J.: 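Before we start, here is the structure in question, set down as structure tokens.
Computed from a predicted model, the values in this text were never measured in an experiment. Counting convention: from 1, in listed order, for ligands and their atoms alike. Position 1 is the first residue of the sequence, and the numbers go up from there.
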Amino acid sequence: MADVFNFSAGPAMLPHAVMRRAQAEFLDWNGTGVSVMEMSHRGAAFTSIANQARNDLIELLGIPDNYKILFLQGGATLQFSMAALNLARMSDPADYVVTGSWGQKAVAEARRFCDARVVASSEADQFHSIPPVSEWAISSDAAYLHYTPNETIGGVEFHHVPDIPAHIPLVGDFSSNILSRPMDISRFGLVYAGAQKNIGPAGLTLVIVRDDLLAPVRDDVPAMLDYQIHADSDSMRNTPPTYAWYLAGLVFDWLKQQGGLAAMAEHNQRKAEMLYQAIDQTSFYDCPVRQLDRSRMNVVFRLPSIDLERCFLVEAEAAGLLALKGHRSVGGIRASLYNAMPLDGVMALVSFMQDFESRMG
Ligand SMILES: *Cc1c(COP(=O)(O)O)cnc(C)c1O
């Protein structure tokens with residue numbers, strides 16, 4: 001295998017140990033003589049894989065009994081619609097806190113199905129910070145409040161679950177920071193995440209929903225968009241993304257072997273600190289995000305000119321540091337440091353940055 005570090009924001013790198021295990025089991029899962037890809041989703045073999053993954057996730061996140069875990073398709077983007085469709089009627093207010101482009105997309109989609117309102121936004125600050133909860137104009141009768149705990153493009157992360165009135169279900173799009181540290185699921189009504197950043201391959205979407213929110217509040221929700229129907233059929237209303245589900249299960253198993261989410265939190269904190277320190281110790285690199293709101297998962301930074309950024313990316317790639325280009329909507333550099341990124345990858349990046357500056361600065 002080529003000696004590279006892949007900083008892609010998503011689909012992102014998976015742990016090498018997981019990839020090797022998937023390779024070893026690829027043609028013959030557990031002596032069945034067939035690949036996981038080739039077996040019925042309703043057979044005993046896949047049922048055991050599916051249940052193991054679900055149970056390991058419950059253990060990792062400490063998910064309480066009154067929540068259902070769904071393994072769906074359609075990405076986080078379909079959850080922009082499903083959250084609104086299941087939780088709000090057309091005339092119901094639903095509150096959105098927008099701290100970046102994913103939050104903007106979520107509220108734009110919800111407007112098709114309910115009275116979605118932006119109750120706080122950091123757009124005036126170019127999404128470089130999080131507005132304090134005390135300034136959120138929360139609707140007392142909101143069907144739910146939606147926020148984006150980690151904005152993958154802007155590199156802005158909530159480091160605490162916002163305190164909102166208990167009667168309003170809190171909805172979080174955890175696509176890019178789920179499983180990166182322990183979290184208290186009981187604070188949420190609904191949590192969702194596309195798999196391809198910190199869970200597994202693309203094609204799988206994880207949804208964790210509290211029992212009292214399972215039944216849609218409106219009666220015209222298509223079956224495939226209905227949380228209750230998915231829960232009642234154990235996410236097998238139709239053929240689920242079996243291989244992605246299996247791979248996610250391997251990742252959960254790997255996380256347990258690493259010491260669970262507390263160990264991941266420490267690992268991720270260490271990596272992010274190392275990179276932010278390298279950025280902050282020189283004026284050659286600049287991170288535009290407010291210190292307290294910086295993401296541990298997606299570290300964004302700029303160089304003094306677009307030409308230098310272009311040159312940085314070309315040289316980084318030649319040095320085996322891949323996919324560091326910032327999102328096309330914002331430019332600059334972005335290093336994604338999900339669970340699977342080893343400390344060695346960050347050390348290699350930091351030493352490349354120091355060398356680049358010494359030559360070009
Ligand atoms: C990537 C991402 C999405 C979109 O995910 P899809 O699975 O492609 O629909 C939504 N929200 C956040 C925070 C993301 O990082």
Side-chain angles (χ1 to χ4, degrees), residues 6-14 70-85 94 96-112 116 118 121-123 127-128 130 144-159 161-162 170-181 183 188 190-208 224-225 230 235 240-241 243-245 247-248 251 268 272 289 293-300 323 325-330 334-341:
N6 174 11
F7 293 90
S8 173
M13 73 170 292
L14 289 163
L70 310 176
F71 292 83
L72 307 181
Q73 305 189 52
T77 304
L78 186 58
Q79 294 310 309
F80 296 166
S81 333
M82 279 176 75
L85 268 168
Y96 281 75
V97 174
V98 177
T99 52
S101 35
W102 289 115
Q104 278 183 311
K105 289 204 167 83
V107 68
E109 178 64 13
R111 285 200 175 109
R112 300 159 66 104
V118 176
S121 167
S122 54
E123 188 168 12
F127 297 127
H128 289 153
I130 290 169
Y144 60 90
L145 184 142
H146 179 286
Y147 79 116
T148 313
N150 186 66
E151 279 286 355
T152 321
I153 293 172
V156 172
E157 184 174 15
F158 282 76
H159 296 293
V161 178
L170 184 59
V171 177
D173 171 4
F174 277 86
S175 293
S176 49
N177 66 346
I178 193 157
L179 300 173
S180 67
R181 61 176 160 208
M183 65 187 276
F188 294 87
L190 171 68
V191 162
Y192 63 86
Q196 67 274 20
K197 280 113 188 192
N198 214 14
I199 297 174
L204 173 72
T205 313
L206 186 69
V207 173
I208 303 168
M224 284 298 289
L225 304 183
H230 284 297
S235 306
Y243 200 74
W245 191 332
L247 263 178
V251 170
N268 290 324
V289 181
D293 303 327
R294 289 177 173 180
S295 169
R296 300 156 308 132
M297 299 284 100
N298 311 97
V299 177
V300 299
K325 192 169 197 256
H327 191 269
R328 58 193 143 76
S329 61
V330 291
R334 170 175 55 173
S336 295
L337 314 177
Y338 304 119
N339 286 340
M341 175 59 64

J.: Let me confirm one number: the OG-CD1 distance from S176 to I199, rounded to the nearest 0.5 Å.
T.: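 Atom-to-atom, S176:OG and I199:CD1 are 10.5 Å apart.
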J.: Which protein non-hydrogen atom lies closest to atom 9 (O) of ligand 1, naming both residue and atom, and how far is it?
T.: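 Protein heavy atom with the smallest distance to atom 9 (O) of ligand 1: T77 OG1, 2.5 Å.
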J.: Tell me which protein heavy atom sits closest to atom 8 (O) of ligand 1, plus the residue, atom name and distance to 0.1 Å.
T.: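 Closest protein heavy atom to atom 8 (O) of ligand 1: Q196 NE2, 3.3 Å.
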J.: Tell me whether the count of non-hydrogen atoms from other residues, nucleotides or ligands lying under 6.0 Å of CZ in R111 goes above 12.
T.: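 Counting neighbours around CZ of R111, more than 12 heavy atoms of other residues, nucleotides or ligands fall under 6.0 Å, so yes.
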J.: Go through ligand 1 atom by atom and flag the ones less than 4.0 Å from a non-hydrogen atom of G75.
T.: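 Under 4.0 Å from G75, ligand 1 has these atoms: 7 (O), 9 (O).
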J.: Under a 3.5 Å cutoff, is there a donor and acceptor pairing between the side chains of N268 and Y338?
T.: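 N268 vs Y338: no donor-acceptor pair found between side chains.
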J.: Can you classify the ring geometry of Y96 versus H146 as parallel (below 30°), tilted (30 to 60°) or perpendicular (above 60°)?
T.: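 Parallel.
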J.: Nearest non-hydrogen atom to atom 4 (C) of ligand 1 belongs to which of W102, F174, Y192?
T.: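 Of the listed residues, W102 has the closest heavy atom.
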J.: I need the nearest protein heavy-atom contact for atom 2 (C) of ligand 1: residue, atom name and distance, please.
T.: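 Its nearest protein heavy-atom neighbour is K197 NZ, 2.4 Å.
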J.: Any heavy-atom pair between the side chains of Q73 and M224 that's under 4.5 Å?
T.: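 Side-chain contact under 4.5 Å: no.
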J.: For atom 15 (O) of ligand 1, which of D173, T152, I153 has the closest heavy atom?
T.: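 Looking at heavy atoms only, T152 sits closest to atom 15 (O) of ligand 1.
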J.: Going by heavy atoms, is L78 under 4.0 Å from ligand 1?
T.: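 No heavy atom of L78 comes that close to ligand 1.
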J.: Taking the six-membered ring for Trp, are F188 and Y147 parallel (under 30°), tilted (30 to 60°) or perpendicular (over 60°)?
T.: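 Aromatic pair F188/Y147 classed parallel.
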J.: What are the atoms of ligand 1, with element, lying closer than 4.0 Å to any heavy atom of N150?
T.: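 Those of ligand 1 that fall under 4.0 Å from N150 are 13 (C).
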J.: To the nearest 0.5 angstrom, please state how far the CE atom of M82 sits from the CG atom of L70.
T.: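 These two atoms lie 7.5 Å from each other.
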J.: Give the residue and atom name of whichever protein heavy atom lies nearest to atom 5 (O) of ligand 1, and the separation in Å to one decimal.
T.: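 Atom 5 (O) of ligand 1 sits closest to the protein heavy atom A76 CB, 3.5 Å.
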